[in-house]
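A short worksheet on the structure shown next.
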Amino acid sequence: ASPPPTEFNFAQHLIASNATRPEKTALIDDAGSLSYGQLTEQIRRFAGGLKALGLKREERVLLLMHDSNDWVVAFLGSLYAGVVPVAVNTLLTPDDYAFMLRNSRAQAALVSAALLPTLQAAMDLAKTEVRHLVVSRPTGALRQGQFNMADFVAQNPATLPASTLADEPAFWLYSSGSTGQPKGTVHSQGNLYWTAELYGKGVLALRESDVVFSAAKLFFAYGLGNALTFPLSAGASVVLMAERPTPQATFKRLVEHQPTVFYGAPTGYGGMLAQPDLPAKNAVALRLCSSAGEALPRDIAERWSSHFGCDIIDGIGSTEMLHVFLSNRPGDVRYGTTGKPVPGYEVQLRSEDGSVLSGHDEIGDLFIQGPSSALMYWNNREKSRDTFQGVWTKSGDKYTRDADGYYTYAGRNDDMLKVSGIYVSPFEVESTLVQHTAILEAAVIGKQDTDGLTKTKAFIVLKQGQSLSEAEVKAFVKERLAPYKYPRFIEFVAELPKTATGKIQRFRLRDLEKA
Ligand code: 3SK
């Protein structure tokens with residue numbers, strides 16, 4: 001693919017490339033659909049609205065919305081105006097959003113009505129710079145400084161695109177680490193273009209006739225590419241769903257909207273296969289499925305392919321690289337592996353001393369080189385330097401490469417766990433557990449369930465004379481952290497294995513689980 005021009009605005013690029021299909025359906029959400037012509041108009045008017053509010057280029061706006069047509073308009077309308085959307089996970093707590101509002105210095109927030117109380121709680125916790133709220137589908141009266149998104153789009157004049165550069169900061173996503181606060185990962189206008197060219201077109205070969213549906217939400221880098229960047233770059237249609245991607249909610253979309261391409265994560269595929277109401281092959285129209293977020297167990301992949309007669313293309317990406325850089329591909333699928341580098345990206349496996357491993361079947365740290373890497377972590381020089389090392393980006397994953405060039409996942413090189421495709425820091429869960437008055441200490445590790453998928457397990461030492469049920473422990477964590485972080489398995493133990501200096505030996509707990 002040829003590079004984007006120096007002056008480049010991704011939203012304007014999508015508008016220009018879809019100018020010949022104004023009547024074609026671009027987006028279908030729970031409330032209705034938008035054609036490419038309507039989407040273009042809404043993007044331009046939304047950008048006009050941001051200007052009318054006095055938002056300046058490069059200022060940040062928090063985007064906290066459930067997947068919907070409005071999400072896409074808000075994201076692309078911001079890009080079009082040169083305003084920087086900070087797209088955040090809808091499952092977090094007021095504390096998390098308070099940090100993100102302060103860290104990004106967001107001047108406005110674009111929010112779904114259902115998430116407004118949580119956002120309001122975050123704004124009550126912290127002094128923020130938010131001056132305006134644009135609320136998608138409000139259910140009640142709005143206060144001063146709050147705008148109904150439908151009116152905002154209808155009443156503001158369409159504007160021209162900001163003359164942005166391909167390399168300039170365009171949007172942020174937050175990336176979590178095992179310790180410390182999440183890192184604002186700053187991506188450029190050009191990075192969206194590159195992921196669409198290299199993976200969306202190069203690997204998935206999306207076409208105009210495709211209807212796509214992603215169980216992974218738009219606020220994840222994976223979902224953003226799946227359900228926005230790639231289909232809109234190909235003139236395809238996108239099905240968007242606000243609710244949680246339960247098996248039944250997913251089946252409903254697969255049957256009602258007949259998507260040809262479905263994107264999921266291994267936990268979701270495993271969950272769907274276990275349902276008695278799994279749709280029959282001829283009730284759906286799937287031609288291709290993709291998976292990322294965690295390594296796809298071979299058994300799940302084989303059962304899905306034999307039921308639906310279509311491959312699952314398993315790959316790995318990262319928030320830092322914006323999308324998938326290592327992947328199986330249609331016609332070349334080797335289940336149990338993550339495939340080969342996506343053309344346009346180069347990967348290296350490095351030993352602990354930093355030397356590049358050129359043989360096969362040796363475990364090494366994965367590094368990636370490619371045109372979609374983030375510009376930096378916001379206001380975090382130390383972590384930026386550690387991750388973005390010149391042209392190479394450190395992934396934090398360990399991999400092996402076999403003699404045929406296929407890569408296989410071999411774990412993380414930090415303590416992070418990936419549960420249902422989302423990072424969970426064991427330290428954050430442990431420090432929440434020990435806030436309980438009955439808990440003396442706790443250690444959290446990953447444990448494989450019967451499908452071979454990682455879930456969190458907490459080992460808990462209670463204070464003398466105290467008792468606690470598993471349900472109470474789970475409820476305690478769910479009340480304090482994003483609900484997906486609660487431990488699925490709990491074991492009460494008399495003591496934790498420790499080093500002579502008192503450090504918890506998580507590896508011994510991991511070994512116990514494997515035994
Ligand atoms: O988890 C992944 O493999 C992934 C894939 C695409 C984009 C982002 C991520 C984290």
Side-chain angles (χ1 to χ4, degrees), residues 75 87-89 91 171-178 182-187 191-200 202-204 206 212 214-231 233 245 261-269 289-297 300-301 312-329 337-342 344-345 347 366-368 370-374 377 387 393-399 407-414 416-425 446 453-454 484:
F75 183 81
V88 297
N89 187 334
L91 305 167
F171 68 101
W172 299 14
L173 301 171
Y174 273 96
S175 166
S176 21
S178 57
K183 301 169 295 260
T185 310
V186 182
H187 278 285
N191 287 358
L192 291 160
Y193 167 87
W194 279 116
T195 56
E197 290 300 309
L198 299 179
Y199 182 72
V203 171
L204 299 179
L206 288 192
V212 313
S214 173
K217 301 293 182 189
L218 287 163
F219 62 77
F220 290 119
Y222 180 49
L224 181 67
N226 297 344
L228 191 156
T229 323
F230 307 162
S233 297
V261 177
F262 172 71
Y263 315 85
T267 304
Y269 284 111
C289 294
S290 98
S291 180
E294 53 188 325
L296 178 67
I300 291 182
I312 305 183
I313 306 299
D314 186 24
I316 182 175
S318 67
T319 305
E320 288 71 10
M321 293 305 297
L322 191 55
H323 216 273
V324 168
F325 47 80
L326 186 61
S327 184
N328 284 280
R329 57 206 64 177
T337 81
T338 320
K340 295 180 174 174
V342 169
Y345 294 91
V347 307
L366 184 68
F367 282 74
I368 313 106
S372 63
S373 68
Y377 295 132
T387 298
T393 300
K394 183 167 94 175
S395 93
D397 297 289
K398 289 195 181 292
Y399 262 85
Y407 287 72
T408 300
Y409 182 66
R412 292 277 309 166
N413 56 13
D414 56 19
M416 291 300 277
L417 303 172
K418 263 214 165 167
V419 183
S420 308
I422 317 182
Y423 279 115
V424 176
S425 160
L453 297 165
T454 302
Y484 63 86

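Whatever order the structure lists ligands and atoms in, that order sets their numbers, starting from 1. The figures here come from the full heavy-atom set of this structure, side chains too, leaving out hydrogens, waters and symmetry mates. Since the structure is predicted, the reported quantities are computational estimates derived from the model, not experimental observations.
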*Identity and separation of the nearest protein heavy atom to atom 3 (O) of ligand 1*: Gly317 N, 2.9 Å
*asked:* I need the Tyr199 OH to Leu326 CG distance, nearest 0.5 Å.
replied: 10.5 Å
*Would you say the side-chain atoms of Tyr407 pair up with the backbone N or O of Ser327, donor to acceptor, closer than 3.5 Å?*
no
_Which of the numbered atoms in ligand 1 are under 4.0 angstrom from any heavy atom belonging to His323?_
6 (C), 7 (C)
*Check whether any side-chain N or O of Asn226 sits under 3.5 Å from a backbone N or O of Ser214 as a donor-acceptor pair, and report yes or no.*
no
*Report yes or no: does a heavy atom of Lys418 sit under 4.0 Å from some atom of ligand 1?*
yes
*Is Gly293 in contact with ligand 1, taking contact as a heavy-atom separation below 4.0 Å?*
yes
*Rounded to the nearest 0.5 Å, what's the gap from NE2 on His323 to CG on Leu224? Could you check?*
7.5 Å
*So Phe171 and His187, would you call those rings parallel, tilted or perpendicular, with 30° and 60° as cut-offs?*
parallel
*Per-atom contacts of ligand 1 with Ala221, taking only distances under 4.0 Å to non-hydrogen atoms*: 7 (C), 8 (C)
*Would Phe230 and Thr195 count as a side-chain contact (heavy atoms from CB on, under 4.5 Å) if you check the C-alpha gap in whole Å, the side-chain angles of each, and the deciding distance to 0.1 Å?*
CA-CA 8 Å; Phe230 307 162; Thr195 56; 3.7 Å; yes
*Would you verify whether the NZ or CZ of Lys418 falls within 45 degrees of the ring axis of Tyr423 while also being under 6.0 Å from that six-membered ring's centre?*
yes
*Just go through Ser318, Ser372, Gly421 and tell me whose heavy atom is the nearest to atom 10 (C) of ligand 1.*
Ser318
_Subset of ligand 1 atoms that lie under 4.0 Å from at least one heavy atom of Ala292_ = 3 (O), 5 (C)
*Determine, using heavy atoms of Leu322 and all atoms of ligand 1, whether some pair is separated by less than 4.0 Å.*
yes
_Using a 4.0 Å cut-off to any heavy atom of Tyr222, which atoms of ligand 1 qualify?_
5 (C), 6 (C), 7 (C), 8 (C)
*Contact check: Ile316 vs ligand 1, nitrogen or oxygen atoms, below 3.5 angstrom*: no
